[in-house]
There are 2 protein chains.
Amino acid sequence: MSTTTELTNWQSVHDEVLRRIHTREWKPGDQIPKEVELAEELGCARATVNRALRELAAEGFLDRRRKAGTRVATHPVRRARLDIPVIRLEIEGRGQKYTYGLLLSERRSPPPEICANLGVTSDSDMLHITSLHLADGKPYMFEERWVSVAATPEIVDADLSKISANEWLVLHAPYTKGDISFSAVLASENEAKILRTQKNEPLFLIERTTWEGEKGITSARLVFAPGYRMHTAL
Amino acid sequence: MSTTTELTNWQSVHDEVLRRIHTREWKPGDQIPKEVELAEELGCARATVNRALRELAAEGFLDRRRKAGTRVATHPVRRARLDIPVIRLEIEGRGQKYTYGLLLSERRSPPPEICANLGVTSDSDMLHITSLHLADGKPYMFEERWVSVAATPEIVDADLSKISANEWLVLHAPYTKGDISFSAVLASENEAKILRTQKNEPLFLIERTTWEGEKGITSARLVFAPGYRMHTAL
DNA sequence: CAGTGGTCTAGACCACCAG
DNA sequence: TGGTGGTCTAGACCACTGC
């Protein structure tokens with residue numbers, strides 16, 4: 001099957017290749033034509049084909065190796081792109097009103113599990129912050145966070161009742177490495193009270209830790225109100 | 001500050017720009033030099049700079065607009081890449097033994113909520129499948145799935161006791177659109193029994209629906225055993 | 001309208017790795 | 001060790017959009 005019209009931009013090449021995969025003209029495991037051949041067939045430069053195939057490989061549809069050529073992925077590892085915005089933007093993006101309350105801010109040494117997470121000593125100087133994020137006045141997410149004062153000294157001067165620690169850190173403490181995990185937990189008595197729900201409700205939990213180089217910056221535990229769903233397209 | 005050595009490949013340009021962002025030489029909101037200028041400063045072609053900046057924009061570190069130039073993102077939307085492999089590979093990848101049991105496979109018309117999800121009529125011909133995935137012999141995930149027979153007729157001939165519906169679909173039914181959501185639920189009595197746990201345990205739930213064009217293919221509900229954590233790097 | 005990023009091209013050399 | 005993808009270059013034109 002040859003194309004009658006020329007595909008001279010990488011997006012149309014991308015789409016055409018995807019079409020051939022979807023129609024099973026090229027099946028999982030099949031080797032597809034080399035870049036030079038495809039470029040010739042489609043009537044464009046090799047660089048254009050390269051761009052298209054590179055994107056498809058990044059999306060998980062193709063496996064590419066030098067010398068071995070390009071093959072249709074046998075197990076298309078689906079890559080869901082989770083956009084993780086600042087909470088405020090997540091809420092405002094849905095057209096709801098965002099409010100925020102600082103519940104606690106104290107300077108103290110961290111408990112053992114935080115030390116383990118961040119790789120800091122148990123006598124380090126840290127800020128312990130808990131806060132509640134609300135959407136249209138209703139509890140949305142309860143945040144408990146530890147911030148290393150050594151790593152980001154300026155945070156002790158920040159007015160965390162005006163701007164959430166989350167948001168302050170995004171603006172002032174870039175990180176080089178981060179880690180995030182998602183799970184389900186039962187609401188503790190305290191969490192239930194704060195989120196104005198009942199004990200033993202199933203809650204969605206996000207745990208996040210970030211480092212700058214080898215220095216642990218912050219570790220946060222985000223517990224969402226019942227009914228929360230994280231959602232994305234494939 | 002100028003570089004003494006020339007950065008002639010896009011990765012080093014990428015890293016250098018990222019360094020300037022991290023060191024706050026370029027702060028959130030700042031406009032950074034235009035491609036031509038950067039290319040000149042670093043001693044490489046504009047295409048190389050373009051490639052580096054394009055990747056950084058895709059990673060969420062930069063905002064780029066024609067005519068307006070390139071700025072450091074004020075709210076670096078963090079993009080976590082969730083790799084969603086076939087369950088079997090997820091388990092085997094951790095060095096555990098994967099087993100799989102087909103619990104039910106029946107051909108019948110779908111309940112209303114599935115119709116709504118997939119956009120099919122309530123009298124459509126569908127396959128209803130439930131199965132259990134185990135890691136090292138322990139229940140790992142309980143899967144309940146509806147598959148449109150109209151969209152993928154070949155599935156009725158597949159031996160779903162040997163290969164999971166999940167995996168069969170990946171190989172034989174490419175999709176063009178997909179949707180995935182994550183949440184926390186309480187174990188129902190049935191789910192608790194199957195996962196060999198207790199009622200009212202908090203469970204991690206993934207709901208996934210896929211389409212080919214406008215045709216709904218399959219809708220699945222994946223309930224994970226207690227303690228499951230989905231995990232990724234930022 | 002003019003400046004900036006977005007893309008294409010033709011050609012070249014390099015790096016990796018399967019045979 | 002040769003074939004394939006990975007990348008760089010210089011130059012060109014285009015598309016969007018702020019002024």
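Only this structure's heavy atoms are used, side chains among them; waters, hydrogens and symmetry mates stay out. The sequence lines fix the lettering, A, B, ..., with proteins before strands; numbering per chain opens at 1.
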d([atom1], [X]; [atom2], [N]) in whole Å:
X       : N      : atom1 : atom2 : result
A/Glu40 : C/dA10 : CD    : P     : 12 Å
B/His14 : D/dT7  : NE2   : C1'   : 16 Å
A/Asp63 : C/dC16 : CG    : P     : 19 Å
A/Leu38 : C/dT9  : CG    : P     : 14 Å

Practice item. For atom CD of B/Glu214, decide whether the heavy atoms of other residues, nucleotides or ligands shown that lie under 6.0 angstrom number more than 12. Key: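 Not more than 12 within 6.0 Å, no.
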
Exercise for review: Check the surroundings of atom CZ in B/Arg65: do more than 12 heavy atoms from other residues, nucleotides or ligands lie under 6.0 Å from it?
Suggested key: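 12 or below, so no.
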
Exercise for review: Side-chain contact test, heavy atoms from C-beta onward, threshold under 4.5 Å: evaluate it for B/Glu90 versus B/Arg94 and give yes or no.
Suggested key: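 Of all side-chain heavy-atom pairs linking B/Arg94 with B/Glu90, at least one is under 4.5 Å.
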
Exercise for review: Could you list the residues that satisfy side chain to side chain donor-acceptor pair (under 3.5 Å) with A/Arg51, not counting sequence neighbours?
Suggested key: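 Partners of A/Arg51 by the side chain to side chain donor-acceptor pair (under 3.5 Å) criterion, ordered by chain and then number, come out as A/Glu55.
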
Kindly give the atom pairs (protein nitrogen or oxygen, nucleotide nitrogen or oxygen) under 3.5 Å for nucleotides 3-6 of chain D.
unit_1	atom_1	unit_2	atom_2	d
D/dG3	O4'	A/Lys67	NZ	3.3
D/dT4	OP1	A/Lys34	NZ	2.7
D/dT4	O2	A/Lys67	N	3.4
D/dG5	OP1	A/Thr70	OG1	3.4
D/dG5	OP2	A/Glu35	N	3.3
D/dG5	N7	A/Arg46	NH2	3.3
D/dG5	N2	A/Arg66	NE	3.4
D/dG5	N2	A/Arg66	NH2	3.4
D/dG6	OP2	A/Arg64	NH1	2.6
D/dG6	O4'	A/Arg66	NH2	3.0
D/dG6	N7	A/Arg46	NH2	2.7
D/dG6	O6	A/Arg46	NH1	3.0
D/dG6	O6	A/Arg46	NH2	3.4

Review point. Looking at A/His133 versus A/Tyr100, is the centre-to-centre ring distance below 6.0 Å?
Key: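 Yes, ring centres under 6.0 Å apart.
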
Review point. Does A/Thr48 put a side-chain nitrogen or oxygen below 4.0 Å from OP1 or OP2 of C/dT9?
Key: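 For C/dT9, OP1/OP2 do have a side-chain N/O of A/Thr48 under 4.0 Å.
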
Check your understanding: Parallel, tilted or perpendicular: which describes the rings of A/Phe224 and A/Tyr140, with under 30° parallel and over 60° perpendicular?
Key ->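 Perpendicular, since the angle between the ring planes exceeds 60°.
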
